Peer 1: 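Below: one structure in structure tokens.
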There are 4 protein chains.
Amino acid sequence: MARALPRPNEASKPAGRANGARAVRAAARRQAILDAALDEFAAQGFAATRLDDVAKRAGVAKGTIYLHFRDKETLFQEIIRSVLSPVVTTVESAMQVDIPIRVIAGQLVEVFVREIYGTRRKDVIRLIISEGARFPSIAEFYYREVLSRVFAALRALLARAAARGEIKGDALIRFPQLMGAPVILAVVWNGLFDRFEPLDVRAFLNAHLDVLFGPGRAA
Amino acid sequence: MARALPRPNEASKPAGRANGARAVRAAARRQAILDAALDEFAAQGFAATRLDDVAKRAGVAKGTIYLHFRDKETLFQEIIRSVLSPVVTTVESAMQVDIPIRVIAGQLVEVFVREIYGTRRKDVIRLIISEGARFPSIAEFYYREVLSRVFAALRALLARAAARGEIKGDALIRFPQLMGAPVILAVVWNGLFDRFEPLDVRAFLNAHLDVLFGPGRAA
Amino acid sequence: MARALPRPNEASKPAGRANGARAVRAAARRQAILDAALDEFAAQGFAATRLDDVAKRAGVAKGTIYLHFRDKETLFQEIIRSVLSPVVTTVESAMQVDIPIRVIAGQLVEVFVREIYGTRRKDVIRLIISEGARFPSIAEFYYREVLSRVFAALRALLARAAARGEIKGDALIRFPQLMGAPVILAVVWNGLFDRFEPLDVRAFLNAHLDVLFGPGRAA
Amino acid sequence: MARALPRPNEASKPAGRANGARAVRAAARRQAILDAALDEFAAQGFAATRLDDVAKRAGVAKGTIYLHFRDKETLFQEIIRSVLSPVVTTVESAMQVDIPIRVIAGQLVEVFVREIYGTRRKDVIRLIISEGARFPSIAEFYYREVLSRVFAALRALLARAAARGEIKGDALIRFPQLMGAPVILAVVWNGLFDRFEPLDVRAFLNAHLDVLFGPGRAA
DNA sequence: GATGAATGAGGGTTCATTCAT
DNA sequence: TATGAATGAACCCTCATTCAT
């Protein structure tokens, strides 16, 4: 199991001056629980995950989980909410640069491959897809904090590109989701069918860009 | 909940000669259980579904379920396996006709909208996406019985289209998944975000075809 | 532990014609659970009672309890509510007869000794005293269904007695509770101090009547 | 919650010579814990009381409780034992004065109302009634240290009164408990039914004395 | 001494599965 | 065949108690 996540926005708990040690340990434990829980939730789904296993994997006692999270559902939501948000800003920024959409799209592929597909954030996306329907607040949070922000930036980007004549029809303008569809497929495929037929995600997404914007150079 | 599914290949249990009535009743019960179970599994997921609720919804006693299915998991797999297979042949057939790929693709959109998105088969796809990782045999079955067959036909279709010059680059040839990506997105979107931002699936998929093959007439 | 309760108002569940056997068994099981639970609640108090023990004592599985009672608290309240009500009518009736209060009081002592102190109803009173403060609905139910009815009848009885000159001052009229005080003491004493200094309850209560109404014959 | 108790016998821990300040602080903490614990035990009962709440209410950390008391049960018993004993001497003294029993009884009513019913000692009595059965050592302690001493003095008092002809029959002689019965009822009533029907305890107890000894003047 | 984070046994409740009717 | 009462393993969560700081 991938253990670490590139976490740009460190800092977390203030830790004051005095017993910083204790605060640090607490934060570490909390993170260990989050990590372990993500592993378990990703592997078993929400309902089938036992907090006993989470505790064991995190190396803490069962009761310790409850020192950091109110209950199983809160723990779950905490993971979903905390893991993806950091990338949103990165993606937004990349979209706002005033260069050809084909270039930006290529950068986004790299960001996705590196920051999401190559990390456990991929599992979080899978969890949202799998469990989102049962946790309306999660779907809502994800739509509000992630999707709508990304889509806003994407629409602006597409408008600029259209103005520059980089896009042919109006399909992408009307359905920006088309740009993200292969990303979803990649995550789903990875979870279900990679062992039967592996998918080279980077190549796959770049091929998609070729379809959208005409062939680029690199793959 | 959509109650009925167009089921071309009825038949199931032979029903012998004599007490055909009994066999018919048994088959009806079995189907009622399958229907009810699909509703519940789709709404709650596998682990959170209670057989009690399935029984109640099917109008049978809890024990009756065990007369037809070995256990909860078998019931689940039975649903997954039985519901999608029928469409495969339809899709294969459509792909084998020797007409422009753009036309066939348009027909496939209609098949999808009518036979899957407009029925509970959509729920089954969602279940495969959500639970497939926990049920390797399901992923495997689905890959073998559905995906690989559809992909085989699709590859042949794409080859013919390429030969005819209907396709520009080699992206689609190398990654036929690109054709299906928006279908996955549509199913996922429907489950999670339709209440925030509804998606006109037919228009969406046709827009995708416009991107792939250049604009068609219809929308 | 006293196992049976004189239950004047048999009947309970209708039991129909057909599967009366099943209904009878169900009722028996339900009663076994109530009996066992009363034993445990009386011995340990509400919070310290484990349903595991109740089940064991009742000879059923733990889950069976939940077929008959929603949860531990409901089971508890059910006991409290079902056990005492039957005696209320008896007591009311006794009080309504138009004979000297001294005689009626003597009869009430007998009723108490026989129907309450000699049965597990005594435990129920103790439970009300012990746990009532934590279960407002129980105190309220008991006040409404038992106390207020008994007090109403008692006030009428006292009024008649006063009119007949059987009572000296107005103390009893103003505080009918004085008649019941030794009953409470008896129940409490029985639970706490009988092993140090047994209390002959019948004699005790009759002595109380001597104090209230002057000496009678019997003891 | 009544905070203070008239505590005639202060002193507790000797406090050595040197760091008396520390000892005083320790004693204060200990008392704060006892006070908080009584509040909680009275409100929730022994089993349902959480030491967490006690600590919070006492303004100390949970671990601190264990510096002063071996465990939850010890803390409980400590309260029971420490709170009531002080009044015993007062009651004994009042009973030993050589004046009419009616007068002494009137004084006892005042003592009860002031020292017990008006303080948290009332709660302790309630706790003994509620939990005594589960803590044999408490019932035993209470019987030995309180009841038997009070009853001894009471029997002497009654003997003197009988010799003086202040008592009619032998009921009180045989069952001195009759004198205390309304006290028990008052405490129980206060906990359960006061909100439905308040009881004027002083008037109630004096009415009882009217019954026992004939009407007095004041109330 | 004082703290409060950490522990882990324990208990209420659920639910897949069985089986007597 | 169909039922649904009964079972009991499993799981979430609580809380008395401990102990490193």
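Reminder, nothing fancy here: chain letters follow the sequence lines and each chain counts from 1. All figures in this text were calculated on a predicted structure; none of them were measured in a lab.
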Peer 1: What pair of heavy atoms forms the shortest contact from Ala58(B) to Ala32(B), and how long is it?
Peer 2: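 Shortest heavy-atom separation between Ala58(B) and Ala32(B) comes out as CB-O, 3.6 Å.
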Peer 1: Output the residues of residues 69-82 of chain C in contact with DNA chain F, where contact means a heavy atom of the residue under 4.0 Å from an atom of the strand; sort by number or write none.
Peer 2: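 Contacting residues: none.
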Peer 1: Looking only at heavy atoms, what is the nearest atom pair of Val54(A) and Ile33(A), with distance?
Peer 2: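 So the two residues come closest at CG1-O, 4.1 Å.
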Peer 1: Going 5' to 3' along DNA chain E, which are the first and last nucleotides with any atom under 4.0 Å from a heavy atom of chain B?
Peer 2: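 Span of nucleotides near chain B: dC15(E) to dT18(E).
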Peer 1: Determine the stems involving DNA chain F; a stem requires 3 or more consecutive pairs of the Watson-Crick or G-U wobble kind, each with both distances below 3.5 Å, and the answer is none if no such run exists.
Peer 2: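 Consecutive-pair runs (3 or more) involving DNA chain F: E:2-21 with F:2-21.
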Peer 1: How close do Leu38(B) and Ile79(B) get, counting heavy atoms only, and between which atoms?
Peer 2: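 Heavy-atom minimum between the residues: N-CD1, 3.6 Å.
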Peer 1: Here's a test of your reading of the structure: between Ile65(C) and Tyr66(A), which maps to the more 5' nucleotide of DNA chain F?
Peer 2: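 With Ile65(C) and Tyr66(A) compared, the 5'-side residue is Ile65(C).
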Peer 1: How many Å lie between CG on Asp52(D) and P on dC13(F), as a whole number?
Peer 2: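 From Asp52(D) CG to dC13(F) P: 18 Å.
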Peer 1: If I take atom CD1 from residue Ile129(D) and atom OH from residue Tyr142(D), how far apart are they, to the nearest 0.5 angstrom?
Peer 2: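 Atom-to-atom, Ile129(D):CD1 and Tyr142(D):OH are 7.5 Å apart.
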Peer 1: Between Ala48(A) and Gly63(A), name the one whose nearest nucleotide on DNA chain F is closer to the 5' end.
Peer 2: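 The 5'-side residue here is Ala48(A).
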Peer 1: Which heavy atom of Glu131(C) sits nearest a heavy atom of Phe46(C), and at what distance?
Peer 2: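 In this case the closest contact between Glu131(C) and Phe46(C) is OE2-N, 2.9 Å.
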Peer 1: Residues two or more places apart in sequence or in another chain: which of them pass side chain to side chain contact (heavy atoms under 4.5 Å, CB included) with Gln44(B)?
Peer 2: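 Only Glu40(B), Ala48(B), Thr49(B) meet the side chain to side chain contact (heavy atoms under 4.5 Å, CB included) criterion with Gln44(B).
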Peer 1: If every non-hydrogen atom of Gln77(C) is compared with every non-hydrogen atom of Ser137(C), which pair is closest and at what distance?
Peer 2: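 Gln77(C) and Ser137(C) have their closest heavy atoms at OE1-OG, 2.9 Å.
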Peer 1: With sequence neighbours left out, write down each residue that passes salt bridge (charged side-chain N to carboxylate O under 4.0 Å, His left out) with Asp52(B), or none if nothing qualifies.
Peer 2: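 Once residues adjacent in sequence are excluded, the partners of Asp52(B) under the salt bridge (charged side-chain N to carboxylate O under 4.0 Å, His left out) criterion are Lys62(B).
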Peer 1: Grab the two heavy atoms, one from Arg134(D) and one from Ser130(D), that are nearest each other, plus how far apart they are.
Peer 2: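 Closest approach of Arg134(D) to Ser130(D), heavy atoms only: NH2-O, 3.3 Å.
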Peer 1: With a 4.0 Å cut-off on heavy atoms, is Leu67(B) in touch with a base, just the backbone sugar-phosphate, or nothing at all?
Peer 2: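 Answer is base: heavy atoms of Leu67(B) come under 4.0 Å of a base.
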Peer 1: Base, sugar-phosphate alone, or nothing: which one does Arg29(D) contact when heavy atoms must sit under 4.0 Å apart?
Peer 2: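 Arg29(D): backbone/sugar contact only, no base atoms under 4.0 Å.
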Peer 1: Let me spell it out: for each of Phe46(C) and Lys62(D), pick the nucleotide of DNA chain E with the closest heavy atom. Which residue's pick is nearer the 5' end?
Peer 2: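 The answer here is Lys62(D).
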Peer 1: For the pair Arg120(D) (side chain) and Val83(D) (backbone), establish whether a donor and an acceptor sit closer than 3.5 Å, ignoring hydrogens and angles.
Peer 2: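 Checked: no pair found.
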Peer 1: Test of understanding: with side chain to side chain contact (heavy atoms under 4.5 Å, CB included), list the residues that count as partners of Ser82(C), not counting sequence neighbours.
Peer 2: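 So Ser82(C) forms no side chain to side chain contact (heavy atoms under 4.5 Å, CB included) with any residue.
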Peer 1: Pick the nucleotide of DNA chain E nearest each of Gly59(A) and Arg50(B); which residue has the one closer to the 5' end?
Peer 2: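 Residue closer to the 5' terminus by nearest nucleotide: Gly59(A).
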